[in-house]
Protein chains: 2
Amino acid sequence: MANDTKQLLLEQGMAMLLRQGYHDLGVAQLLEATSIPKGSFYHHFKSKEDFGLQVIDRYMEEVHGGLDHCLGDQTLPPLQRVRRFFEMTEEKYRGEGYLGCLLGGLGQELSGISEAFRKKVEWCFSEIARRIACCLDEAIERGELSANTDTHTMAQLLINCWEGAALRTRLQRDPAPLRQMLDFYFRSTSA
Amino acid sequence: MANDTKQLLLEQGMAMLLRQGYHDLGVAQLLEATSIPKGSFYHHFKSKEDFGLQVIDRYMEEVHGGLDHCLGDQTLPPLQRVRRFFEMTEEKYRGEGYLGCLLGGLGQELSGISEAFRKKVEWCFSEIARRIACCLDEAIERGELSANTDTHTMAQLLINCWEGAALRTRLQRDPAPLRQMLDFYFRSTSA
DNA sequence: TGACTAAATTAGACCGGTCGGTTTGTTCCG
DNA sequence: CGGAACAAACCGACCGGTCTAATTTAGTCA
């Protein structure tokens with residue numbers, strides 16, 4: 001079905017964009033990998049840029065799924081839920097060969113030359129931070145964090161430090177930076 | 001002189017690679033910006049990839065200069081020297097329009113498709129971390145850090161968290177992530 | 001000090017290949 | 001039957017790199 005074609009392109013596009021980045025991945029290469037003709041590609045997507053932006057949307061669906069799953073787990077205290085989300089993300093990175101974060105990659109590559117991508121990626125990070133901040137608010141209520149914690153800032157910090165660790169993980173093909181970052185952040189944050 | 005030409009290409013290349021990344025910057029565009037003919041480019045550089053790797057070398061000269069300047073300042077205690085280095089880097093970012101870090105950008109864009117770039121960028125980060133770890137060793141000696149601090153890991157963490165903040169700074173064109181990260185790191189690290 | 005030579009550097013036209021996107025046509029599905 | 005989806009040839013533009021030629025620079029020698 002038509003929707004299968006579009007989803008296949010988005011899924012394969014996510015994987016290939018993660019490894020190669022935006023400019024190194026040509027439309028032709030993606031189509032060769034999926035055995036889909038170019039007419040179909042331009043039927044579903046207005047342009048390559050449109051495709052890239054929709055890949056990000058598709059990616060965020062998965063991220064929000066993961067956030068729903070972890071932050072919604074009432075059997076764990078809030079801080080552990082937040083940490084669990086990142087541990088699951090690390091497992092996802094392992095399945096991909098420790099290539100880091102798609103958002104970080106596209107944001108880094110394109111935010112100097114495309115306002116559409118800069119705004120979209122920044123909005124995505126802000127959305128993730130907003131959801132984490134909500135969970136940190138609950139941690140304050142539960143006494144896990146001191147009452148004067150600026151949860152918005154702490155959530156942004158968590159995202160930022162994770163993205164830096166994700167870059168080094170991509171460079172080293174090793175998850176150690178992710179673990180060190182989580183250990184440091186949660187050790188420094190607990191009440 | 002010939003060396004002037006090469007240095008001009010490297011300087012201009014640094015600036016343009018920071019904004020646009022590797023693949024979006026064509027050799028012709030760089031040559032148009034510098035009014036240098038293509039024959040000269042390929043006289044000084046074996047290839048575009050060779051050029052990119054030499055830009056990184058040139059960049060690291062500046063980084064080591066900044067490290068020499070800050071970490072060698074005996075009028076400040078060690079932790080403040082380290083922090084000063086990053087504050088100076090933030091000022092450099094301001095001059096560039098808050099476009100983040102060249103190493104982070106190239107590492108993110110190219111480390112999935114070029115072993116030469118992946119190794120070079122990773123080596124650069126390791127070098128910076130090594131020098132910062134030396135200064136953190138001195139902070140232990142001075143009592144600024146507890147004796148059981150793993151300075152190698154703390155130095156890597158500092159680099160990683162900074163790179164994540166640099167990405168967000170690039171996305172937002174705002175230094176707030178850098179400052180928040182430094183405040184958090186040094187507040188959590190002091191003895 | 002000037003002439004000469006070789007090497008270094010500059011100059012830019014040209015190349016084959018690939019790019020993103022368009023166009024025309026065919027097939028499928030509701 | 002018409003619109004959606006698929007199909008693939010084709011296009012102009014641009015890519016990294018090569019090649020041949022011209023100019024400049026540096027070294028040597030009388």
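Order of the sequence lines sets the chain letters (A, B, ...), proteins ahead of strands, with each chain counted from 1.
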Between D:dG17 (P) and B:F51 (CZ): distance, integer Å: 12 Å
Parallel, tilted or perpendicular: rings of B:F184 and A:Y185 (30°, 60°): tilted
salt_bridge(A:R131, A:D68) N-O dist < 4.0 Å: yes
Partner residues of A:K120 under the side chain to side chain contact (heavy atoms under 4.5 Å, CB included) criterion, sequence neighbours left out: A:L53, A:I56, A:D57, A:C124
Under-4.0 Å side-chain N/O to phosphate OP1/OP2 contact, B:H43 with C:dT9: yes
Interatomic distance, B:I132 atom CD1 to B:T151 atom OG1 [nearest 0.5 angstrom]: 11.5 Å
Between D:dA9 (C1') and A:L31 (CG): distance, integer Å: 14 Å
Positions of residues 10-21 of chain B (non-hydrogen atom under 4.0 Å from DNA chain C), listed by number: none
Short side-chain N/O contact to D:dC6 OP1/OP2 from A:T5, under 4.0 Å: yes
Spacing of B:Q7 atom CD relative to C:dT9 atom P, expressed in whole Å: 13 Å
Counterpart residues, side chain to side chain contact (heavy atoms under 4.5 Å, CB included), relative to A:Q80 (two or more places apart): A:L76, A:P77
Side chain to side chain donor-acceptor pair (under 3.5 Å) contacts touching residues 93-108 of chain A (sequence neighbours left out): A:K92-A:E96, A:Y93-A:W162
Length of the line joining B:F45:CZ and D:dT18:P, which is rounded to integer Å: 15 Å
Nucleotides 15-27 of chain C: protein proximity per nucleotide (B base, S sugar-phosphate only, - neither; heavy atom, under 4.0 Å): -----BBB-----
Value rounded to 0.5 Å, distance of CD in A:E109 from NE2 in A:H23: 6.0 Å
Residue list, salt bridge (Lys or Arg N to Asp or Glu O under 4.0 Å) with A:E32, at least two apart or on another chain: none
